[in-house]
Every structure is written in C-alpha cells, then in structure tokens.
Participant: 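After the structure tokens below, expect a handful of questions from me.
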Amino acid sequence: HSHFDKGSFVVEVDQHPVLIDPGMSSYASINAASLPQSSLHNVLTPVFENNVYPDQDIPSKPVIPKGHGTNTNLNAKIDLSNVWRSHMCSYTRYIKSNQIDEFSITDSGILKLPGYLAFHLQSVMPFEIKENSVFLKTKKFTLCITADWATTIHQEQKIIDLVERDVYTLIMMSDVLARFNLFTQF
C-alpha cells in the first residue's frame with residue numbers, strides 16, 4: 001500500500017490489536033493523505049526543527065528482514081540504511097524474543113548529522129505514561145514498554161483507523177545523538 005513503513009511491526013495479544021498499522025481510511029477521509037507517513041507507523045524517525053518527522057526514502061533496492069524463530073522465540077534484523085539514506089549512514093533494527101510474552105527492539109546506526117530520534121508507536125488504546133515506562137492496559141493483559149534512552153515521552157491522537165477508532169501515537173524522543181543504539185523492551 002506504498003506507505004513509508006519499512007521496519008514497522010504489529011503486536012496482537014489473543015487476536016486483539018495492541019500495536020497496530022493504521023492501514024488506510026476511506027479515500028474521502030481527510031486523514032487519507034497523511035496515513036503513508038513514517039511517523040504514523042511503528043518506526044524510528046529523525047526529528048527536525050519544530051518536531052517535524054521526515055518520511056523514509058523510497059527504497060532503491062529490496063528491504064527484506066532476515067532471521068529465524070519458532071512459535072516461542074524470534075531473532076530478526078532488518079537493514080534500514082537504504083530507506084533512511086538521506087538522513088543516516090547506517091541503520092539496523094533488531095527484534096529479539098526469547099519467550100512468547102516479551103520482546104525487545106534495538107535500533108542501531110549512525111546519523112549523517114547529529115540530531116534527535118523519535119520512536120513512534122500506534123495503538124487503538126490510549127497509552128499510560130509513567131516516567132520512562134509506558135503501559136497499554138486491557139482487562140486481560142498489560143503491555144509494558146520501557147525505553148530508558150528516551151528523554152521525553154508523550155502521546156497524540158491525530159487519526160482514526162479504517163473502522164473509525166481513534167489511533168493514539170506514542171512518541172519516545174532521544175537526546176541529540178550522532179551514533180545510536182536504542183534498546184526498547186516490550
């Protein structure tokens with residue numbers, strides 16, 4: 001669907017969407033034009049002045065994850081240098097899980113110019129923020145997200161999904177960095 005979302009991921013618990021890809025809305029919707037943006041997917045982006053988040057570059061070659069897993073663990077990586085080539089010298093996302101109920105993401109790379117980074121996450125549930133931890137709670141489960149590297153964490157509600165539910169965007173912002181190795185635990 002031609003979105004700038006390479007390296008994005010989704011999380012479901014017992015077939016309930018937790019971290020989502022907002023997908024598309026009706027083409028008649030005012031939101032339709034903004035949905036391809038990188039910042040409306042579960043990705044890391046650079047941050048420009050006035051909290052502007054650039055989109056990924058159009059890939060000039062295939063961007064294919066590599067890894068292995070079973071029904072209880074996963075080790076994967078995806079080289080995202082190509083889709084961030086305008087802003088980064090290198091960038092790899094690692095996803096690791098040793099058990100079914102937790103995983104981690106490590107975003108590692110080098111920016112062309114020192115700057116801030118933001119990890120964006122999307123959910124149809126509002127995020128509960130407590131210092132460097134974030135919670136998504138339902139009657140059946142709580143997803144805890146910990147990002148010790150984040151200097152600020154906040155959420156926004158700007159869009160709705162295809163079935164007209166509010167979509168909440170969590171934004172975890174780093175300090176100014178040239179090289180980065182950001183570990184986020186879920």
Side-chain angles (χ1 to χ4, degrees), residues 3-23 38-47 53 56 63-81 83-84 88 90-110 116-157 159 161 165-175 177 179-186:
H3 288 189
F4 301 107
D5 61 355
K6 302 293 186 261
S8 189
F9 61 96
V10 297
V11 173
E12 292 183 356
V13 176
D14 295 329
Q15 299 181 350
H16 296 288
V18 180
L19 297 175
I20 66 161
D21 178 341
S38 294
S39 63
L40 296 179
H41 294 84
N42 300 323
V43 300
L44 185 77
T45 68
V47 182
Y53 310 109
Q56 294 177 347
V63 179
I64 301 170
K66 296 181 176 159
H68 60 279
T70 67
N71 53 347
T72 58
N73 66 56
L74 172 69
N75 281 294
K77 73 176 186 175
I78 183 167
D79 183 349
L80 297 165
S81 302
V83 295
W84 287 112
M88 300 182 193
S90 65
Y91 173 27
T92 303
R93 170 165 273 183
Y94 301 89
I95 302 174
K96 183 173 184 174
S97 176
N98 291 324
Q99 55 194 48
I100 193 83
D101 60 350
E102 66 181 40
F103 68 99
S104 65
I105 293 184
T106 302
D107 292 301
S108 183
I110 302 170
Y116 298 97
L117 292 166
F119 191 172
H120 309 266
L121 295 172
Q122 319 300 318
S123 181
V124 293
M125 299 178 286
F127 295 91
E128 183 180 318
I129 302 167
K130 293 185 180 176
E131 297 178 9
N132 281 42
S133 293
V134 178
F135 303 91
L136 286 171
K137 295 181 179 180
T138 71
K139 292 177 184 176
K140 293 186 177 185
F141 68 87
T142 299
L143 175 67
C144 177
I145 305 163
T146 304
D148 291 336
W149 56 267
T151 57
T152 63
I153 301 175
H154 72 279
Q155 71 179 315
E156 301 171 353
Q157 192 287 310
I159 62 170
D161 69 3
R165 296 176 294 189
D166 288 340
V167 175
Y168 298 88
T169 300
L170 182 75
I171 302 165
M172 299 181 286
M173 190 93 66
S174 76
D175 204 350
L177 301 169
R179 295 176 178 268
F180 58 95
N181 193 42
L182 308 177
F183 177 82
T184 307
Q185 181 71 44
F186 297 80

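Each residue takes its place number in the sequence, starting with 1.
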Participant: Report, one line per pair, each donor and acceptor closer than 3.5 Å where one atom sits in a side chain of residues 11-20; sequence neighbours left out.
Facilitator:
none

Participant: Hey, is OH on Tyr116 packed in by over 12 heavy atoms from elsewhere, all under 6.0 Å?
Facilitator: no
Participant: Indicate the atoms forming the closest heavy-atom contact of Pro126 with Leu136, along with that distance.
Facilitator: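 Scanning both residues, the minimum pair turns out to be O-CD2, 3.5 Å.
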Participant: Can you list the residues that meet the side-chain contact (heavy atoms from CB on, under 4.5 Å) rule with Asn73, with sequence neighbours excluded?
Facilitator: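 Counting only residues at least two positions away or on another chain, Asn73 forms a side-chain contact (heavy atoms from CB on, under 4.5 Å) with Thr70.
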Participant: Closest approach of Ser90 and Ser81, non-hydrogen atoms and distance?
Facilitator: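 Looks like CA-OG, 3.3 Å.
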Participant: Among residues two or more places apart or on two chains, list those pairs meeting ring pair (Phe, Tyr, Trp, His ring centres under 6.0 Å) that have a residue in residues 122-152.
Facilitator: none
Participant: Where do Asn132 and Ala147 come nearest, in terms of heavy atoms and distance?
Facilitator: ND2-O, 2.9 Å
Participant: Would the number of heavy atoms belonging to other residues, nucleotides or ligands and lying under 6.0 Å from CD of Gln157 be above 12?
Facilitator: yes
Participant: Got a sec, which residues hit side-chain contact (heavy atoms from CB on, under 4.5 Å) with Asn98, two or more places apart in sequence or on another chain?
Facilitator: Lys96
Participant: Taking all heavy atoms of Pro22 and all of Asp161, pick out the closest pair and write down the distance.
Facilitator: O-CB, 4.0 Å
Participant: Residues in side-chain contact (heavy atoms from CB on, under 4.5 Å) with Thr106, at least two apart?
Facilitator: Tyr94, Asn181, Phe183
Participant: Among residues at least two apart in sequence or on other chains, which ones pass side-chain contact (heavy atoms from CB on, under 4.5 Å) with Ile100?
Facilitator: none
